[in-house]
Novice: 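What follows is a single structure, and I will ask about it in a moment.
Just so we're on the same page: letters track the sequence lines, and every chain starts at 1. No experiment lies behind these values; they were computed from the predicted model shown.
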Amino acid sequence: MVEKKYQPALDIFDKMLHGKLKTHLNSCVHCGLCGESCLYYLTHKEDKYIPGKKVDLISAIYRRYYTLLGKTVPKWVGAKDLNDETVAEMVDLIYGACTMCGRCSMHCSIGVDIAFLVRAGRSMLVEINKVVPGLQSTVDAALNTGNNMGIPRDELIDTIEWIAEDLEMELDDEKATIPLDKKGAKVLYTLNPREPKFFPLSISAAAKIFYAAGEDWTLSPDAYDVTNYCYFSGDDKGGAVITQRLVDKVAELGCETLVLAECGHGFRGNRWEGPNYINKSYPFNEISIVELIVEYIREGRIKLDPAKNTKKVTIHDPCNMVREGGVIEEQRFILKQAVSDFVEMTPHGVNNFCCGGGGGQLAMSEYAERRIKVGKIKADQIRATGAEIVVTPCHNCIDQLMELNKEYKLNVEIKTIGEIVADAIVI
Amino acid sequence: MGTIVLDGKEFEVDGDGFLTSPEIWNEETASLVAKEDGTGELNEKHWAVINCIREYWLEKDMAPMVRIICKTTGIRLKELYELFPMGPAKGACKIAGLPKPDGCV
């Protein structure tokens, strides 16, 4: 029997225990290959950080409550009770020492989806109110206010108008606007709330690209947040509430395509996880702005001049968009046309290292020290390229890269894809 | 959770270096945080930003939008990013003694 307070964790586990979860929980052969692929193990060299060990935390509980030997002779089969000790260990390692980057799953000798298991562990912790407070606070802000920074509606509108005025002046054309809630617009665009709150230059860059491409687009002050921190916390119910907001807004405005802002988990959360949260496929197209920019270039709707970006540029691949999301070559296609000196990191693409800020780490001050420490791998990768600019299609990665830039004295500029494209655009 | 030492007194900060008790903030804690995060010596413009953020927060219990910072202080966006290399959140808000904002910062 489990303590009453922990029963909800087993209840949700029971609900989740379908074929995939059972198979992956029972398949690890402890070869240890995942260790060498993980930021945390490579940095700390302590066994507890090996991804397979994180899987063990959950499989030990599975064995304890679902197998005959685990029920009768738990110690013989490494089965463990769900108790204060195992819960504390799960919180520390499953929230505090994993960015859910999925690199371990890529390297697993038998294909165990370790990041999927980690999220299942997080879902158990959600049910017993053990989400790390920093992360839960961002989830709560999103659920309670409609965006993960609690931006009031009127302040969002004021900011959008402010950016639009500047853009109109820059382009000297009153048609260079940011249309709000335009019914029947082809594209509904989204934002990471961090953009209007603190870093709005990426919004004006996107608006400039839409203007140059002659796009019929709109933003809604009531549903624009591309993030879904419930993906990180493990909360599918909250995830459904957040997903539904954008789905409803697309229907209300009658848009054709929902375009996701540059946000790694926002891409994954909406594009791949969202339909599972709401248990329904989307009746509209959904793509990243990175994919849309590729379309614009291919169709000749925008022209880029690489001579406008002459500094050496490298790209950081956000795990949730690249390894976990399938947008791999698009950003490279764009950069090859937008900059004159492009260099890859080693490794890159689907084998790229996480920046260390994924999995909700950026929201968890509780583990900030670890986050900066594991980020050294990314910092070393960047330094080795000799690049002066690091581009990445993810605002979360950008914030982590800004910190790594300071901590490891990289002396680089950090930009979104949209910003570097806007700099290269010929109007 | 860590601590910063000021005038021989220890103050608690969270893992990101934000004061855990924002009410203990004063000009000295601001200068100390600025020195630690690479902002350096605080000039008049820095103080205009810090005071704007601080006053807004005391009144509304949240950090102001960057538009409000620019409008109140007359400082342009690009200059604001130069003044605070860690940005408005992990730079200016932290120096102004606010708790860490939610979201991707």
Side-chain angles (χ1 to χ4, degrees), chain A residues 133-142 145 147-152 155-156 158-163 166 192-201 204 225 227 229 263-266 357 360 362-372 394-400 402-403 405-407 409, chain B residues 1-3 12-20 22 33-40 49 52-53 56-57 59-72 74-94 96 98-105:
Chain A
L135 180 54
Q136 188 60 46
S137 169
T138 293
V139 168
D140 290 342
T145 72
N147 71 83
N148 78 5
M149 296 187 98
I151 299 172
E155 293 202 9
L156 188 271
D158 288 347
T159 294
I160 297 297
E161 285 172 354
W162 176 56
I163 298 162
D166 262 15
N192 183 315
R194 181 181 184 279
E195 300 177 82
K197 183 88 189 184
F198 294 127
F199 297 96
L201 293 175
S204 45
D225 188 350
T227 72
Y229 267 61
C263 176
H265 93 277
L362 213 56
M364 296 187 263
S365 294
E366 294 86 346
Y367 301 106
E369 206 181 316
R370 263 186 208 167
R371 169 169 59 80
I372 298 299
C394 173
H395 291 279
N396 187 83
C397 296
I398 283 180
D399 217 82
Q400 167 77 347
M402 279 169 69
E403 283 197 62
N405 196 19
K406 180 194 109 190
E407 182 70 23
K409 300 182 173 53
Chain B
M1 207 74 88
T3 51
E12 277 196 356
V13 291
D14 74 8
D16 284 301
F18 287 79
L19 292 178
T20 42
V33 174
K35 217 167 157 185
E36 276 188 357
D37 84 350
T39 305
V49 173
C52 159
I53 293 175
Y56 190 94
W57 177 72
E59 194 191 326
K60 304 202 174 181
D61 198 27
M62 64 178 164
M65 308 285 283
V66 74
R67 181 191 75 89
I68 291 169
I69 302 174
C70 290
K71 206 179 138 204
T72 311
I75 292 169
R76 289 187 64 83
L77 199 52
K78 282 185 181 163
E79 191 182 1
L80 180 70
Y81 294 141
E82 283 162 17
L83 284 168
F84 295 93
M86 290 310 291
K90 280 189 178 144
C93 287
K94 192 196 282 186
L98 272 61
K100 181 178 176 293
D102 290 324
C104 297
V105 290

Novice: Given heavy-atom pairs under 4.5 angstrom as the criterion, report whether the side chain, backbone, both or neither of A:I151 touches chain B.
Specialist: side chain

Novice: Tell me, yes or no, whether the heavy-atom count around A:E369 atom CD, taken from other residues, nucleotides or ligands under 6.0 Å, exceeds 12.
Specialist: no

Novice: When you compare the side chain of B:I53 with that of B:P64, does any pair of heavy atoms fall below 4.5 Å?
Specialist: yes

Novice: Kindly list each side-chain donor-acceptor pair under 3.5 angstrom involving residues 65-72 of chain B, sequence neighbours excluded, with atom names and distances?
Specialist:
| from | atom 1 | to | atom 2 | distance (Å) |
| --- | --- | --- | --- | --- |
| B:R67 | NH2 | A:D158 | OD2 | 3.4 |
| B:T72 | OG1 | B:I68 | O | 2.6 |

Novice: Could you tell me whether the side chain of B:V105 reaches within less than 4.5 Å of the side chain of B:K94, counting heavy atoms only?
Specialist: no

Novice: With a 4.5 angstrom heavy-atom cut-off, could you sort out which part of A:K197 is near chain B: side chain, backbone, both or neither?
Specialist: both

Novice: Heavy-atom distance under 4.5 Å to chain B: side chain of A:R370, backbone, both or neither?
Specialist: neither

Novice: With only heavy atoms counted, which part of A:N396 is less than 4.5 Å from chain B, the side chain, the backbone, both or neither?
Specialist: both

Novice: Which atoms of B:A92 are under 4.5 Å from chain A, going by heavy atoms: the side chain, the backbone, both sets, or neither?
Specialist: neither

Novice: Kindly compute the distance separating CZ (B:R76) from CG (B:L83), expressed to the nearest 0.5 Å.
Specialist: 13.5 Å

Novice: After noting the C-alpha distance and the side-chain angles of B:M86 and B:T39, does the key distance pass the side chain to side chain contact (heavy atoms under 4.5 Å, CB included) rule?
Specialist: CA-CA 8 Å; B:M86 290 310 291; B:T39 305; 5.6 Å; no

Novice: Of the backbone (N, CA, C, O) and the side chain (C-beta and beyond), which part of A:P200 lies under 4.5 Å from a heavy atom of chain B, both, or neither?
Specialist: both

Novice: So which part of B:F18 gets closer than 4.5 Å to some heavy atom of chain A, the side chain, the backbone, both or neither?
Specialist: neither

Novice: Measuring heavy-atom distances to chain B, does A:Y367 have an atom under 4.5 Å in its side chain, in its backbone, in both, or in neither?
Specialist: neither

Novice: Identify which part of A:P196 has an atom lying under 4.5 Å from any heavy atom of chain B, answering side chain, backbone, both or neither.
Specialist: both

Novice: Under the rule for ring-ring contact (aromatic ring centres under 6.0 Å, His included), what residues qualify as partners of A:H265, not counting sequence neighbours?
Specialist: A:Y229, A:F232

Novice: State plainly whether the residues A:R194 and A:D399 are in salt-bridge range, i.e. N to O under 4.0 Å.
Specialist: yes

Novice: Where on A:E403 is there a heavy atom nearer than 4.5 Å to chain B: the side chain, the backbone, both, or neither?
Specialist: both

Novice: Heavy atoms only, distances under 4.5 angstrom: which of A:L201, A:T138, A:N147 has the most pairs with chain B? Name it, please.
Specialist: A:T138

